[in-house]
Amino acid sequence: YQPLFSKDAKCVDDREGKIYPNKDELLAYFERSYQVALESLRQADDSLLIMDNPVDSPMKHLLPTLGSLIGFYLGGHVMSHSGQISAWRRMQLLPPA
């Protein structure tokens, strides 16, 4: 999925459904991946979570440890994108998610 959904990918209108995977495939992939991430986190030693955040970004001061970075990606980041889906649904005249 990386070439289709990277930040550098060009968004293409796919009315015939030949370019992008369907919703069920994407949701299944997301759910499997999220479960793998959660299980990995459960098995991680706490000493890893208090390590300095290794990602150099403007948000590093807000997420100073690896644990805070992981918490953001597994919580707030996902929630933000879920909100985008809800907004898209409204633009399609569907009820909110």
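All residue numbers in this chain count up from 1 along the given sequence.
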Take Tyr34 and Val78 through the side chain to side chain contact (heavy atoms under 4.5 Å, CB included) test and state the conclusion after the steps. CA-CA 10 Å; Tyr34 203 82; Val78 171; 3.8 Å; yes

Apply the test side chain to side chain contact (heavy atoms under 4.5 Å, CB included) to residues Glu25 and Tyr1: give CA-CA distance (whole Å), side-chain angles for both, the deciding distance (0.1 Å), then the verdict. CA-CA 11 Å; Glu25 180 181 340; Tyr1 298 132; 2.6 Å; yes

Run the numbers on Leu26 and Lys23 for side chain to side chain contact (heavy atoms under 4.5 Å, CB included), then give the verdict. CA-CA 5 Å; Leu26 289 174; Lys23 178 185 86 170; 5.8 Å; no

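Atoms CG and CZ, on Leu27 and Phe30 in that order, are 8.5 Å from each other to the nearest 0.5 Å. Put simply, CD on Gln2 and NZ on Lys7 are 9.5 Å apart, with the number rounded to the nearest 0.5 Å. Note that OG of Ser33 is 11.0 Å distant from CG of Leu38, once rounded to the nearest 0.5 Å. Distance NE2/His81 to OG/Ser86: 14.5 Å, rounded to 0.5 Å.
Shown here for Ala9 and Leu4, the closest heavy-atom pair between the two residues is CB-O, 3.4 Å.
Counted by atom type alone, Ser47 and Asp45 present one or more donor-acceptor pairs between their side chains at under 3.5 Å. Gln43 and Glu39 share a side-chain donor-acceptor pair at under 3.5 Å.
By the 6.0 Å contact criterion, CZ on Phe5 is enclosed, its count of non-hydrogen atoms from other residues, nucleotides or ligands being greater than 12.
Under a 4.5 Å side-chain heavy-atom cut-off, the cluster of Ile, Leu, Val, Met, Phe, Trp and Tyr residues that includes Ile50 has no other member.
Partners of Glu31 under the salt bridge (charged side-chain N to carboxylate O under 4.0 Å, His left out) rule, at least two apart in sequence or in another chain, do not exist in this structure.
In terms of hydrophobic clustering, with Ile, Leu, Val, Met, Phe, Trp and Tyr side chains grouped at heavy-atom distances under 4.5 Å, Leu41 and Val55 are assigned to a common cluster.
Checking side-chain atoms of Arg89 against main-chain N and O of Leu94 turns up no donor-acceptor pair under 3.5 Å. Side-chain atoms of Asp52 do not come within 3.5 Å of backbone N or O of Thr65 as any donor-acceptor pair. Side chain of Asn53 to main chain of Lys60: no donor-acceptor pair is present (N/O by atom type, distance under 3.5 Å, no hydrogens or angles). At distances below 3.5 Å, at least one donor-acceptor pair connects side-chain atoms of Tyr20 with backbone N or O atoms of Val12. Of the possible donor and acceptor atoms, one in the side chain of His61 sits under 3.5 Å from a partner among the backbone N and O of Pro58.
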